[in-house]
Amino acid sequence: MTTTFITGANKSLGYETARRLIEAGHTVLLGARDPERGQTAADALGARFVQIDVTDDASVAAAAADVEAREGGIDVLINNAGVLGTHSPADRITAADAGEVFEVNVVGIVRVTHAFLPLLRKSANPVIVNVSSGMGSFAATHDTGRVEGRAIAPLYTASKAAVTMLTTQYAKSWPDVKVNAADPGYTATDFNGNSGPQTVTEGTDAIVELATVGADGPTGTFRDRHGEMPW
């Protein structure tokens, strides 16, 4: 049985990813910051809830200790938790605004991955999926024919570019672990007022694909539901 831990999984893309992986036979550990919302989501799906705040060292350490005590290890880690951040124009963005976004979207991935890597290494096929975005692609954000090229979100885009680079560096550092980044695409979620043209199921296609790679699967890649994404 494949055991998968997902951060930020009480709603939207994380919740749908959990639902699909449970359907595929995974044992899912549903990570969320809010205990009430997380437990409600886990109960609805048939997952086990694990409280985790990716911005807090003690919370992440406690979550990893809980999983080690209960499951012993994991096979798949999906770093899904993320925030959009301020909607302020660029000339009004502050250092505090930047800290808020990067603390969740980038530092949170480092914090969780560091804590859970020993548990992943107990697996015969350890896999990490970092949920990035086409908004972090230099090529996509310079293509005015794409939605990414017409949007302006300095902190979110910069944080997701960092997530993708972090993914490739982790992949190079750990040949024994499959580490890939997924772009959900423009999906209807609360991030965008449910304005995206894709369903949450379509938005999780790349995440689910990368979460279920075999021992001969790719590493260090950046994919959306259609295939390789431009850097």
Among Thr3, Ile74, Asp75, whose side chain to side chain contact (heavy atoms under 4.5 Å, CB included) with Leu119 holds?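 Per the side chain to side chain contact (heavy atoms under 4.5 Å, CB included) rule, the option paired with Leu119 is Ile74, out of Thr3, Ile74, Asp75.
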
After noting the C-alpha distance and the side-chain angles of Arg223 and Asp183, does the key distance pass the salt bridge (charged side-chain N to carboxylate O under 4.0 Å, His left out) rule? CA-CA 6 Å; Arg223 301 181 64 86; Asp183 168 29; over 6 Å; no

Strictly distance-based, threshold 3.5 Å: is any side-chain N or O of [X] a donor or acceptor partner for the main-chain N or O of [Y]?
X: Lys178; Y: Ile128; value: no
X: Asn80; Y: Val131; value: no
X: Thr204; Y: Thr201; value: yes
X: Ser133; Y: Lys160; value: no

Can you tell me how far [atom2] of [Y] sits from [atom1] of [X], rounded to the nearest 0.5 angstrom?
X: Leu166; Y: Ser159; atom1: CG; atom2: OG; value: 11.5 Å
X: Asn180; Y: Thr168; atom1: CG; atom2: OG1; value: 10.5 Å
X: Phe5; Y: Leu120; atom1: CZ; atom2: CG; value: 11.0 Å

Are the aromatic ring centres of Trp231 and Phe138 under 6.0 angstrom apart?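 So the answer is no for these two rings.
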
Answer yes or no: does atom [atom1] of [X] have more than 12 heavy-atom neighbours from other residues, nucleotides or ligands under 6.0 Å?
X: Glu228; atom1: CD; result: yes
X: Arg37; atom1: CZ; result: no
X: Arg92; atom1: CZ; result: no
X: Arg33; atom1: CZ; result: no

Do Arg48 and Glu71 pass the salt bridge (charged side-chain N to carboxylate O under 4.0 Å, His left out) test, and can you show the C-alpha distance, the side-chain angles, and the key distance before you say yes or no? CA-CA 11 Å; Arg48 184 170 85 81; Glu71 283 77 27; 2.8 Å; yes

Could you walk me through whether Ile6 and Leu30 pass side-chain contact (heavy atoms from CB on, under 4.5 Å), step by step? CA-CA 6 Å; Ile6 309 172; Leu30 188 151; over 6 Å; no

Working note: Glu209 + Arg20, criterion salt bridge (charged side-chain N to carboxylate O under 4.0 Å, His left out); need CA distance, chi angles, decisive distance, verdict. CA-CA 11 Å; Glu209 177 188 356; Arg20 293 182 66 181; over 6 Å; no

Checking Asp43 against Thr40 for the side-chain hydrogen bond (donor to acceptor under 3.5 Å, both in side chains) test, could you report, in this order, the C-alpha distance in whole Å, the side-chain angles of both residues, the deciding distance, and whether it holds? CA-CA 5 Å; Asp43 290 345; Thr40 298; 5.8 Å; no

Between Lys11 and Glu16, is there a salt bridge with N-O shorter than 4.0 Å?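 Salt bridge flag = no for Lys11 with Glu16.
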
Should Val163 and Leu210 be regarded as members of a common hydrophobic cluster, given that ILVMFWY residues are connected when their side-chain heavy atoms come within less than 4.5 Å of each other, either directly or indirectly?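 Looking at the clustering, Leu210 is in a separate group from Val163.
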
